[in-house]
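Sequence lines set the chain letters: A, B, ... in the order given, protein chains first and strands last, and positions in each chain run from 1.
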Amino acid sequence: MSSVVLNDVSKTYADGTSAVKELNLEISDGEFLVLVGPSGCGKTTALRMIAGLEDISGGTISIGSRVVNDIPSRDRDVAMVFQSYALYPHLNVFDNIAFGLVLRKLSKAEITKRVTEVAKVLQLENHLKRKPRNLSGGQRQRVAMGRAIVRSPQVFLMDEPLSNLDAKLRVQMRAEIARIQRDLGVTTVYVTHDQTEAMTLGDRVVVMKRGLLQQAGGPQELYDRPRNLFVAGFVGSPGMNMVSGVLEHRDDDSWWVTLGSQALRVPESVLTERPALRGYAGRSLIVGIRPEDMEDAAILGAEEGQVLKSVADLVEAMGSDVLVHFPVDVPPVMTDDIKELADDDAVAGPNVLSGTEDTVLVGRFSPRTKVFEGQSISVRVDTARLHFFDPRTGSSLWDD
Amino acid sequence: MTAPTIPTTDDLGGPPDPVTGSPARGLASRVLGRFGSGTVQVVLVLVALFWLVPVLGLLFSSLRSETDNADSGWWTLLTAPAQLTLHNYSDLLANSAILQSFGNTLLITVPATVLVVVISSLAAYALAWIEFPGRDWLTIGVVALLVLPIQVALIPIAKLYGGLGVFGSITGVVLFHVAFGLPFAIFLLRNFFSGIPQDLLEAARMDGARELTVFRKVVLPIGLPAIASLAIFQFLWVWNDLLVALVFADADSAPITVALQTQLRQFGSNVDLLSTGSFLSMLVPLVVFFAFQRFFVQGVLAGSTK
């Protein structure tokens, strides 16, 4: 077990495209770090540089106390789980798992002992003699995990290990990976484009975009205090609603944000939490509202300045909650960040696809709601949890 | 003898059927299904029988005496089994010149095959998976060599061999076969090896393997079907070669093809010796073919990725 430190790490390919730009990360011993972002954000490249499968164009990577820039992957003592599993098709499960141990010239007895142990943890004991082609997707995934675990490496690297599994198995294996990592306590770097995976697995989550680190922090921190529009839109599902609004400081010293023909009152707590906001009086900004922070006013009741009125456009019953899509008369926000998110189909929200003069918001209502499509609705917004972003820079407005 | 088909990673790693785990049906199998396998099989059997007739004639002639062969056609043996004799074979086995040429054929064919397989598989791995400057140009160069006909090289190589002192020796013949076998061999294996998923090689490297170990433990076993077909091709070419041996071998190093051809010129009608020798020289490639047959595994890559 070791810490991993990335110091100004860059990757520029021969054709001049730069995949990772001056990435700085400290992954402490035993930490489960998740790199997440849309495709092409450089997360896999970063992982492959740690693995030694990709040359490092600039900066240094250290594992433990060693700078590993010039150390080949075989000597880095890291193990990787590939997205494709990359099982050796000509070897059975036992030999697949034992491969690395055999190369390290361990004794036969020791190899058998360790492989059997790992097989037990992964419930593969009954399949040790089978070839990969005779295994199910989940079993193959386990073998790939086993191959990494059995070597007790200093660092685990996982490159979207669950993306080839069906949804149910993915959830199951996700829990299993979390449990195994916790039990072994091995430093883990995990790459995914799925924000749910990132949030559920990571001790810390690093959001990347176009080779640049956007924000690193605990899952809750990313959710509660996104640093910019991109992180705000990427974290959470369905994604945060973004609308342009104008901040007003009214004569009675109350603060309001106007969204088209409607307005929400900005509570004092938000202003205290976000001192920078006061500087935006009379200016337009981008308002973010999480679907979770909206509720059918018929259920919760609402005070003045907490309500958006609209007509339910689409109602999606999920069982545990109901997603209600409704338009407000504000043109959709179109920044580079949001376009980037829209390009990545995994996180495309309705806002970026509507293409109308209205912005469609999504609210996550309690299943007790009686809302049906076409009905006029009052939506209660938890105004204490509003997010505000600068429309030019896209960064979240917190301190000055 | 029919040529073995060249396996590619495409048809070997075809998407496995989720239920049976067998690779998806190829074009040929769909054609078979459409025409009804019964009809197709009957036609195939007829074609095979038609092909076998001359071979059968050769075998029967070799089992009849010289006078019988001169008097009547080989098919007479079917109605007159009394003509059956192994005399020709015992004669042949007593003929030291023919025996030596058999030995020469083996001494030429085995090294020429082994060397080509070893060198080309290493070269193909490097050209497919190791990055070094000029790799692509080198590959193009190797492929370009494919178009060079053997005949063009006969005289220059003969001159070169004269200078090196290998003219007329088995070594000279072997070297020539190796040189002209390599471009195709490298081309074939490189294409096959490039089809191996990169993840597999990277996984092996992460598991602690050096390049040679990756080659030996991952690439070679997966590439076995391609290597086996290459070995058969090369073996057959060299075994059946007459031209190269005629030019570069002398009386002591002549393989069976040259020896038989010499007999033919001298006696014209000695069918008994020729048929016996030809039949024996056909047996070895058959054995080799069936020995390598088991390496033509379908779906070698199945289950390795996804």
Side-chain angles (χ1 to χ4, degrees), chain A residues 14 47-48 50-55 72-93 95-106 130-137 139-141 143-144 147-148 150-151 153 155-157 159-160 163-166, chain B residues 7 9 12-24 129-133 135-136 192-193 195-228 294-295 297-306:
Chain A
L47 188 81
R48 287 172 59 84
I50 302 175
L53 298 172
E54 205 86 61
D55 288 336
S73 358
R74 63 170 176 272
D75 298 325
R76 289 194 188 186
D77 199 16
V78 297
M80 183 150 161
V81 179
F82 289 82
Q83 179 175 11
S84 66
Y85 312 148
L87 304 181
Y88 310 118
H90 55 292
L91 300 179
N92 63 25
V93 171
D95 292 333
N96 258 289
I97 298 178
F99 194 84
L101 303 181
V102 173
L103 291 182
R104 277 177 181 66
K105 303 214 160 41
L106 266 65
R130 293 167 77 181
K131 292 274 178 70
R133 79 174 128 244
N134 299 323
L135 300 176
S136 70
Q139 288 164 339
R140 286 176 196 173
Q141 214 282 331
V143 177
R147 200 167 56 181
V150 79
R151 282 173 37 203
V155 183
F156 281 149
L157 304 174
D159 186 7
E160 311 214 14
S163 60
N164 288 328
L165 300 178
D166 60 59
Chain B
T9 34
L12 291 168
D17 187 289
V19 184
T20 61
S22 60
W129 286 114
I130 299 177
E131 280 184 21
F132 56 89
R135 178 181 74 168
D136 294 341
F192 190 88
F193 290 172
I196 296 174
Q198 186 178 4
D199 285 358
L200 272 180
L201 311 183
E202 290 182 343
R205 286 184 198 131
M206 305 257 350
D207 266 345
R210 289 166 185 279
E211 286 309 320
L212 260 183
T213 320
V214 175
F215 174 71
R216 213 162 42 83
K217 296 224 167 187
V218 178
V219 173
L220 272 194
I222 293 174
L224 214 52
I227 292 171
R294 67 190 183 90
F295 293 115
V297 208
Q298 289 272 308
V300 267
L301 283 171
S304 81
T305 55
K306 307 252 167 96

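The side-chain contact (heavy atoms from CB on, under 4.5 Å) test applied to A/Leu106 returns A/Leu101, A/Arg104, A/Glu110, A/Ile111, A/Arg114, not counting sequence neighbours.
For the pair A/Arg74/B/Thr213, no side-chain contact is recorded, criterion being any heavy-atom separation below 4.5 Å from C-beta on.
Between chain B and the residues A/Leu53, A/Val102, A/Asp159, the largest count of heavy-atom pairs under 4.5 Å involves A/Leu53. Among the candidates A/Met80, A/Arg147, A/Arg76, the residue making the largest number of heavy-atom pairs closer than 4.5 Å to chain B is A/Arg147.
With a 4.5 angstrom heavy-atom cutoff, A/Val81 does not touch chain B via any of its atoms. Contacts of A/Leu135 with chain B are absent, with no heavy-atom separation under 4.5 Å from either backbone or side chain.
Across all their heavy atoms, A/Ala51 and A/Ser73 have their closest contact at O-CB, 3.0 Å.
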Please table the atom pairs, donor to acceptor, closer than 3.5 Å between any side-chain atom in residues 200-209 of chain B and protein atoms at least two apart or in another chain.
residue: B/Glu202; atom: OE1; partner: A/Arg48; partner atom: NH1; Å: 2.8
residue: B/Glu202; atom: OE2; partner: A/Arg48; partner atom: NH1; Å: 3.4
residue: B/Glu202; atom: OE2; partner: A/Arg48; partner atom: NH2; Å: 2.7
residue: B/Glu202; atom: OE2; partner: B/Gln198; partner atom: NE2; Å: 3.1
residue: B/Arg205; atom: NE; partner: B/Glu211; partner atom: OE2; Å: 3.0
residue: B/Arg205; atom: NH2; partner: B/Glu211; partner atom: OE1; Å: 3.4
residue: B/Asp207; atom: OD1; partner: A/Arg151; partner atom: NH1; Å: 3.1
residue: B/Asp207; atom: OD2; partner: A/Tyr88; partner atom: OH; Å: 2.9

